[in-house]
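Both ligands and their constituent atoms are indexed starting at 1 by order of listing.
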Amino acid sequence: MKNHKRAWAGINLSGLEKNINTIKNSLSGTTEIMAVVKADAYGHGETEVVNKLCSMGIKYFAVSSLDEAINVRNITSDGEILILGYTPPEYADELIKYNIIQCIVSEEHAAELSRNAVSPVRCHIKLDTGMGRIGLKFRTVSECADCAQRITELENISAEGLFTHFAVADCDDDENIRYTENQADFIKSVYNELAGRGIKLRHVHFLNSAGAGYHFDEASTLARIGITMYGLYPNYPLPLPYEICPVMEFKAVISYVKTVESGDCISYGRTYTADGERKIATITVGYADGYSRLLSSRGQVLYKGKRCSIVGRVCMDQTMIDVTGTDAAPGDTVTLIGRDGDDEITADELASWYGTIGYEVVCGISKRVPRIYR
Ligand SMILES: *Cc1c(COP(=O)(O)O)cnc(C)c1O
């Protein structure tokens, strides 16, 4: 680590543990956490995150694809793993081999999976109750239940659950609150209709992080928790009813320091020209590390607890910052995401500077940035 200090992401696994405990305490009834570890655990590192969660007794995991599911299966032999998205029906045998639960995206998908399988594939049926992405989409509860029932009757489909995804659970205006409630009401009605027909599915779930935080409902047997477990907000800066701490920090070092004079230009495109004497530092991070080029002349970093502005364009591997008034020197560490002294830059705040969300920032920290666990 010392020899290769360039840009790195520190992952605070005890922060993850704290967040999980906070979220767990906020759930009541029998609702259990399903930890969403897709996209390399939102960039935090699937192996270490899943190991940590297993050690805490988490039993349910959600991923986005078969490849991710197999990776998680290789970490935990007894965890329940749900693929949230599409898997081509020709992989039915792999789903069975690795004991993975597949999301049914449509009736045709279920029929094809059943046809391709040699024994029952474990499934959760997805309903599109307003997200408009995947799942059975019907205007009435009874039509939707009819379709779900046909799926449960397929020879090689073992339906164990019904789920849906909220579109606006992170919004606090009345119209969106009503929209979310309607989504929850619809899936609960379909579930109860099926139960009335003698089809008792083990799981029905519709809570994501925002749902669990703002619309908790113990009728949801699972809460699919992603972003809040990593200490970020579903809709920054809208507060959550509990406190969470960011799990990832992102650091780089100063490689070079110089004093520029009025008229001197910095970086590609000469988009920054000094209007007087400034002290400029070069830091060892760029867009190939997932430090977006959209932060050019827009972002800030922390140096010894003080905010320093990015000047000129972010390059592939290097970026320049204004450190005027500091004693910045080559070899010093700068904080791109994280706490330094009395100040903190979160992935959520950094995202807000260029019009995206914390989710995209942490998922986007690239492979070449080593994750350091503590
Ligand atoms: C990604 C995802 C989640 C987790 O969402 P967060 O907002 O990170 O909690 C839950 N459910 C589905 C279907 C998802 O795709």
Legend entry - Residue pair Asp327, Lys279: steps toward the salt bridge (Lys or Arg N to Asp or Glu O under 4.0 Å) verdict: CA-CA 9 Å; Asp327 58 359; Lys279 186 173 177 181; over 6 Å; no

Inset, instruction - Hey, can you tell me if His205 and Phe163 have their rings parallel, tilted or perpendicular (30° and 60° cut-offs)? - result: parallel

Legend entry - ring-ring contact (aromatic ring centres under 6.0 Å, His included) partners for His203, two or more places apart: Tyr60, His124

Inset, instruction - Evaluate the side-chain proximity of Phe206 to Asp217: yes if any heavy-atom separation is below 4.5 Å, no if none is. - result: yes

Inset, instruction - List for me each residue that meets ring-ring contact (aromatic ring centres under 6.0 Å, His included) alongside Phe186, sequence neighbours excluded, and say none if there are none. - result: none

Inset, instruction - Please write out which residues are connected to Tyr179 in a hydrophobic cluster, directly or through intermediates, given that two of Ile, Leu, Val, Met, Phe, Trp, Tyr count as joined at side-chain heavy-atom separations below 4.5 angstrom. - result: Val168

For ligand 1, run through the N/O pairs with the protein that fall under 3.5 Å and put one pair on each line.
from, atom 1, to, atom 2, distance (Å)
ligand 1, 7 (O), Tyr359, OH, 2.7
ligand 1, 8 (O), Tyr42, OH, 2.6
ligand 1, 8 (O), Ile227, N, 2.8
ligand 1, 9 (O), Ser209, N, 2.9
ligand 1, 9 (O), Ser209, OG, 2.5
ligand 1, 9 (O), Gly226, N, 3.0
ligand 1, 11 (N), His165, ND1, 3.4
ligand 1, 11 (N), Arg224, NE, 2.8
ligand 1, 11 (N), Arg224, NH2, 3.4
ligand 1, 15 (O), Lys38, NZ, 2.7
ligand 1, 15 (O), Arg133, NH2, 3.4

